[in-house]
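Within every chain, numbering begins at 1; the chains are lettered A, B, ... in the order of the sequence lines, protein sequences first and strands thereafter.
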Protein chains: 2
Amino acid sequence: MADRRPARTAPDTRHVSDDALRQLVGFNIKRAMNVIAGDLRTTLTPFELRMVTYSALTLIGDNPSLSQAQLAAALSVERPNLVNVIEELAGRGLISRDRVPTDRRTNALRLTTQGARLLAQATEAVRAHEAQLLDGIDPADIATLRAVLGRIERNGTERI
Amino acid sequence: MADRRPARTAPDTRHVSDDALRQLVGFNIKRAMNVIAGDLRTTLTPFELRMVTYSALTLIGDNPSLSQAQLAAALSVERPNLVNVIEELAGRGLISRDRVPTDRRTNALRLTTQGARLLAQATEAVRAHEAQLLDGIDPADIATLRAVLGRIERNGTERI
DNA sequence: CAAAATCGTTATGATCTATATCTATAAAGC
DNA sequence: GCTTTATAGATATAGATCATAACGATTTTG
């Protein structure tokens with residue numbers, strides 16, 4: 001009945017319970033998000049893209065000629081923080097940034113041919129990695145996941 | 001058939017499609033997480049707690065006498081970054097931090113009476129806010145959400 | 001034409017995150 | 001035992017993220 005210590009100078013491997021935190025749905029979402037973000041980071045590294053730059057490319061591709069203000073809003077990023085992102089993408093020749101004649105305050109963002117190609121390659125890799133993360137999960141459950149997440153998002157944003 | 005511009009100097013309200021990003025489950029999780037994190041932030045503000053400090057208190061309450069290294073691992077935080085958190089909580093008298101006689105390298109973290117009381121109050125508020133975010137969602141779907149998130153987490157961590 | 005608002009931008013600070021390194025302690029290997 | 005190796009907590013530091021104020025240029029409002 002002696003206390004059987006782990007011995008060794010090895011790391012403290014005693015089990016730590018996170019049951020209380022796990023009761024909160026938000027905590028589970030955060031943990032899953034950490035995993036996904038980490039995986040996404042490694043997936044995008046070969047393309048020299050980050051989550052923001054990839055998301056920006058995707059939104060620009062889906063909404064040609066949108067402005068930085070629109071993109072910032074869609075990305076949930078403050079406009080000043082988007083400037084460097086745009087600068088980086090434009091500097092790499094992945095997007096074009098043209099002053100709009102009808103409103104010379106705004107920039108019209110568009111994918112270049114090179115940007116569209118890189119986006120397509122990155123998207124393929126991202127989808128493949130996400131498929132691995134979702135491996136073994138019933139598609140119906142994923143549909144439920146989407147629905148529930150959407151509802152949480154609406155509950156939190158509309159109710160302000 | 002004229003182009004009906006928003007006119008005004010008002011913000012660009014043209015609809016921006018994020019359909020492509022929405023196809024990725026990870027993007028939906030991130031958006032829901034943003035909402036939850038924002039709500040949690042306002043919920044914890046009255047208690048002068050952040051997500052880390054709240055999580056730390058919860059884990060310490062659930063695992064009395066755990067070490068900082070254990071806590072850091074459970075929180076997915078680097079040990080150096082936990083030091084200030086512990087310092088803050090100890091400075092406010094919410095936790096005690098005692099050198100362990102059997103291993104004088106490690107600290108045993110425990111909630112003080114005051115810390116336990118604050119944690120209980122904060123937890124009540126957090127649960128109430130989370131219930132609002134989950135309002136109108138079928139409990140069975142929430143169970144599915146938990147299961148799917150857990151699977152994603154395991155798929156991402158075990159497969160390394 | 002004057003006033004107000006928006007766009008992109010710059011500057012700046014606060015916060016978060018990761019890494020290298022130090023000490024003191026403890027265990028492992030010979 | 002004594003040396004080597006490893007861990008715990010802490011310090012310092014750099015990088016990345018994120019939020020806010022303010023400016024010039026431009027456009028719309030009144």
Side-chain angles (χ1 to χ4, degrees), chain A residues 5-14 16 30 33-34 37-38 40-42 44-45 48-53 55-56 65-91 95-109, chain B residues 5-14 30 33-34 37-38 41-42 44-45 48-53 55-56 65-91 95-109:
Chain A
R5 307 249 181 71
R8 307 196 168 203
T9 182
D12 231 331
T13 49
R14 264 168 33 207
V16 174
K30 180 173 172 53
M33 186 59 214
N34 283 350
L40 186 58
R41 198 183 318 276
T42 63
L44 292 177
T45 296
E48 297 184 80
L49 289 174
R50 295 170 289 152
M51 201 186 303
V52 223
T53 49
S55 303
S65 301
L66 91 170
S67 70
Q68 291 183 201
Q70 288 175 316
L71 179 57
L75 284 172
S76 293
V77 163
E78 297 303 318
R79 275 168 300 256
N81 295 327
L82 187 64
V83 175
N84 287 330
V85 174
I86 297 300
E87 189 74 353
E88 177 184 337
L89 294 175
I95 63 172
S96 64
R97 173 178 42 167
D98 305 307
R99 278 267 125 95
V100 176
T102 37
D103 186 344
R104 299 211 309 274
R105 295 172 301 182
T106 74
N107 287 338
L109 307 175
Chain B
R5 305 248 182 73
R8 307 195 169 204
T9 182
D12 232 331
T13 49
R14 262 171 31 210
K30 179 172 173 55
M33 186 58 214
N34 282 349
R41 199 184 318 276
T42 65
L44 292 176
T45 297
E48 297 184 78
L49 290 174
R50 295 169 289 152
M51 201 187 302
V52 223
T53 50
S55 302
S65 299
L66 89 170
S67 69
Q68 292 182 199
Q70 288 175 317
L71 179 57
L75 285 171
S76 294
V77 163
E78 297 304 318
R79 278 165 301 255
N81 296 328
L82 186 64
V83 175
N84 287 330
V85 173
I86 296 300
E87 191 71 48
E88 177 184 337
L89 293 175
I95 64 172
S96 64
R97 172 178 42 167
D98 307 308
R99 279 266 124 97
V100 176
T102 36
D103 186 344
R104 300 212 308 275
R105 295 172 299 181
T106 74
N107 286 339
L109 307 175

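Across the protein-nucleic acid pair, A/Arg41 atom CZ and D/dG15 atom C1' stand 12 Å apart, rounded to whole Å. The separation between B/Leu71 atom CG and D/dA8 atom C1' is 13 Å, rounded to whole Å. Between B/Asn84 atom CG and D/dA10 atom P there is a gap of 10 Å when expressed in whole angstrom units. The interatomic distance linking B/Leu82 (CG) with D/dA10 (C1') rounds to 11 Å, in whole Å. A straight line from CG of A/Leu75 to C1' of C/dG8 spans 16 Å, rounded to a whole angstrom. Put simply, CZ on A/Arg50 is 10 Å from C1' on D/dT17, counting in whole angstrom units. Distance, A/Met51 CE to D/dA16 P: 15 Å, rounded to whole Å. In this structure, B/Leu109 places its CG atom 12 Å from C1' of D/dA8, rounding to the nearest Å.
Neither OP1 nor OP2 of C/dC7 sits under 4.0 Å from any side-chain N or O of A/Gln70. Between A/Gln68 and C/dT6 there is no side-chain N or O to OP1 or OP2 distance below 4.0 Å.
Side-chain proximity of A/Ala69 to D/dG9, C/dC7, C/dT9: nearest is C/dC7.
Among residues two or more places apart in sequence or in another chain, the side-chain contact (heavy atoms from CB on, under 4.5 Å) test is passed with A/Val83 by A/Gln68. Every residue two or more places apart in sequence or in another chain that forms a side-chain contact (heavy atoms from CB on, under 4.5 Å) with A/Leu40 is listed here: A/Leu44, A/Met51, A/Val126. With sequence neighbours excluded, no residue forms a side-chain contact (heavy atoms from CB on, under 4.5 Å) with A/Ala73. Among residues two or more places apart in sequence or in another chain, the side chain to side chain donor-acceptor pair (under 3.5 Å) test is passed with B/Asp98 by B/Arg110.
Sorted by first and then second residue, the salt bridge (charged side-chain N to carboxylate O under 4.0 Å, His left out) pairs involving residues 68-89 of chain B (not counting sequence neighbours) are B/Arg50-B/Glu88, B/Glu87-B/Arg97.
In this structure the side chain of A/Val85 never reaches within 4.5 angstrom of the side chain of A/Asn81, judged on heavy atoms.
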- Task: Encode nucleotides 17-25 of chain C as B, S and - characters from 5' to 3', where the letter depends on protein heavy atoms closer than 4.0 Å: B to the base, S only to sugar-phosphate, - to neither.
- Result: BBBB---BB
